[in-house]
Amino acid sequence: MHKYEGILTDLERQIADRRYKEGGKLPSIRQLSESYGVNKSTVIRALEELESKHLVYSIAKSGYYVVQSSPDTAPDSPDVIDFAASAPDPAFFPYLDFQHCMNKAIDTYKNDLFVYGTPQGLPALLAMMQKLLADYQVFTRVGSLFVVSGVQQALAILAALPFPNGKTKVLIEQPGYHLFIEQLVTHGVPAMGIRRSREGIDLDELERIFRTEPIKFFYTIPRFHAPLGCSYPTEVKKKIAALARKYDVYVVEDDYLADLEPDGKADPVHAYDEGERVIYLKSFSKIMFPGLRIGIAVIPGSLVDLFSRYKRIADIDSSMISQGALEIYLKSGMFERHKHKIKAAYAARSLLLRQMLAEHGPLAGGAVQGAAESGELSPVHTHLVLSPSVSQPELARRLRKKSVVIEPIDKHYLPGFPRDNYLKLNVSQAGDEQIRRGVRLLMEELGRYGDR
């Protein structure tokens, strides 16, 4: 990364986190030059890039100022501290870059984007995806790749189609992805849960279930689990792949936050799959914007024809315009730069969250009984283990009066599964000052329970 790009990324993050207020003046070119240890021309290049993105504007002989948001894009309640939302911060959406890619895609592919495509996806995008996935140690042939309308569509198809192992039941971590749980319940798909905690998963229990239950696939989020934020170590991922092969169970690996991984050696379960039992899913909604509705599914050869048939029945194809724009976005290098910006911004928020939890933790007394290990935290979310005396619905009502939003964990469990009193905390839409103030208010409210 060039020096000016590092400055650009840092200034974008500070504007998004509202360190520089709308309409406020940025430090002078000389001050920025000294602060970043670079020459003035490097700073000017970064500022001109910010200006081209309509994030700042210049006034002759005065300096650079942060652009005011329009009424349509300004936050409805800037004082609300949202620890519940999991969608990416709109301040980081690559509006202008992606608009350019949309226009370029229409010029490049023309009629190809306005007719029915194929269930598998735009060939040029599939080729780009094959290269991108190799960076995550997911090596596959193009024929195994399917563009899907988000991971949610892939999960809906997989839950519905019959598997070659002839089994019928879905196993899902508890707590787990709430929309998949809702889908399983709504459509009456046979499902059961296995407990996951900050310590991980009981591999003996997993093997017992694989051995004794008709599990067609095990749905897991090994990396930055939602909603806990923890990741499996390498030996656990290897064991899951080995057990799947031994008991003829498929594994559906949801790697939705792969792009935010700071550890280059943290490979997915798919990397250890020696029996074509791992189905790998990756989303772009958390790294770019939810409305893109583009994900990728790596399907084993034994399921390719079935998956293609069921997907064709579901929607013929995913948005061809979005696929064309994403292909150009990936190929141009814009995605790589955007990824670095998001990683840096979320890593800073995650670090601040850990610091604030440590600083204000004593305010909660005995109401907090544990938290995820700091080295395993997701860049956007984590959890606290609360005392059984803490009522999350009541806590949520009290905090809402103080403009702090949390969401009880209930919907992340299958009906009837024993629930741990976890409190999930997400900072994808919380700026620095909001994290500082919100954690203090949270711990003060928890302290009411600690005194009981």
Side-chain angles (χ1 to χ4, degrees), residues 1 5-6 8-10 12-14 16-17 82-94 97-98 129 132-138 150-152 176-177 198 220-234 237 253-271 280-292 294-296 298 326 329-330 333-355 372-383 424-432 435:
M1 181 182 292
E5 291 178 320
L8 173 62
T9 296
D10 191 51
E12 284 178 320
R13 179 178 64 81
Q14 293 187 62
D17 285 340
D82 193 345
F83 286 146
S86 59
D89 192 334
F92 297 128
F93 288 180
D97 285 350
F98 206 75
M129 287 292 188
L132 180 68
L133 290 173
D135 293 338
Y136 307 124
Q137 299 302 301
V138 175
V151 163
Q152 195 173 346
Y177 179 32
R198 57 180 173 159
T220 176
I221 307 177
R223 193 195 318 257
F224 306 140
H225 178 267
L228 300 181
C230 304
S231 298
Y232 285 142
T234 297
K237 289 183 277 191
E253 177 178 19
D254 189 343
D255 205 10
Y256 76 116
L257 287 183
D259 297 300
L260 300 183
E261 174 62 71
D263 182 2
K265 296 181 180 180
D267 296 337
V269 176
H270 190 279
Y280 181 86
L281 307 178
K282 185 192 178 304
S283 169
F284 288 86
S285 64
K286 303 300 183 187
I287 191 71
M288 292 179 63
F289 43 86
L292 181 61
I294 293 290
I296 194 74
V298 182
L326 181 59
Y329 190 70
L330 293 170
M334 292 181 186
F335 175 73
E336 193 64 23
R337 184 190 165 274
H338 174 73
K339 184 173 74 172
H340 285 300
K341 178 179 75 172
I342 294 295
K343 283 177 70 172
Y346 284 160
R349 290 183 182 184
S350 179
L351 176 60
L352 180 61
L353 175 63
R354 294 199 297 270
Q355 292 171 341
E373 295 297 325
S374 61
E376 299 175 345
L377 279 180
S378 157
V380 292
H381 64 278
T382 186
H383 73 280
K424 59 175 184 172
L425 296 174
N426 196 305
V427 293
S428 60
Q429 294 199 26
D432 289 2
I435 293 171

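FYI, the numbering just counts along the sequence from 1.
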Exercise. Any chance you could lay out the side chain to side chain contact (heavy atoms under 4.5 Å, CB included) test for H338 and D97, step after step, and finish with the verdict?
Key: CA-CA 10 Å; H338 174 73; D97 285 350; 6.0 Å; no

Quiz item: Going through the distances and angles, do T382 and K424 end up as a side chain to side chain contact (heavy atoms under 4.5 Å, CB included)?
Solution: CA-CA 6 Å; T382 186; K424 59 175 184 172; over 6 Å; no

Practice problem: Examine K282 relative to Y280 and say whether NZ or CZ is less than 6.0 Å from the centre of the six-membered ring and inside a 45° cone about the ring axis. | Solution: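 No, K282 does not sit over the ring of Y280.
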
Minimal non-hydrogen separation, [X] against [Y], with atom names:
| X | Y | result |
| --- | --- | --- |
| L228 | H381 | C-CD2, 4.1 Å |
| P88 | S285 | CG-O, 3.3 Å |
| A85 | D82 | N-OD1, 3.0 Å |

Could you check if a side-chain atom of [X] sits within less than 4.5 angstrom of a side-chain atom of [Y], using non-hydrogen atoms only?
| X | Y | value |
| --- | --- | --- |
| L132 | F335 | yes |
| P222 | E253 | yes |
| E261 | F224 | yes |
| I296 | L281 | no |
| P268 | R223 | yes |
| L260 | I287 | yes |
| P227 | Y177 | no |
| S378 | L257 | yes |

Mind checking the [atom1]-[atom2] spacing from [X] to [Y]? Nearest 0.5 Å is all I need.
| X | Y | atom1 | atom2 | result |
| --- | --- | --- | --- | --- |
| R354 | I435 | CZ | CD1 | 11.5 Å |
| D267 | K265 | CG | NZ | 10.5 Å |
| D254 | I221 | CG | CD1 | 5.0 Å |
| H225 | Y232 | NE2 | OH | 6.5 Å |
| L425 | F83 | CG | CZ | 6.5 Å |
| I294 | Y329 | CD1 | OH | 14.0 Å |

Practice problem: Would you confirm whether the ring centroid of F289 sits within less than 6.0 angstrom of the ring centroid of F98? | Solution: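 Aromatic pair counts; centres sit under 6.0 Å.
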
Practice problem: May I have the step-by-step check of salt bridge (charged side-chain N to carboxylate O under 4.0 Å, His left out) for R349 and D89, ending in yes or no? | Solution: CA-CA 12 Å; R349 290 183 182 184; D89 192 334; 3.0 Å; yes

Quiz item: Could you go step by step and tell me if Q152 and S283 meet the side chain to side chain contact (heavy atoms under 4.5 Å, CB included) rule?
Solution: CA-CA 9 Å; Q152 195 173 346; S283 169; over 6 Å; no

Does a side-chain N-to-carboxylate-O contact under 4.0 Å join [X] and [Y]?
| X | Y | value |
| --- | --- | --- |
| R337 | E12 | yes |
| D259 | K286 | no |
| K341 | D10 | no |

Quiz item: Does T9 reach the main-chain N or O of E5 with its side chain, forming a donor-acceptor pair under 3.5 Å?
Solution: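 Here the side-chain-to-backbone pair exists.
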
Practice problem: For D255 and Y136, run side chain to side chain donor-acceptor pair (under 3.5 Å): C-alpha distance rounded to whole Å, both residues' side-chain angles, the deciding distance at 0.1 Å, then the answer. | Solution: CA-CA 10 Å; D255 205 10; Y136 307 124; over 6 Å; no

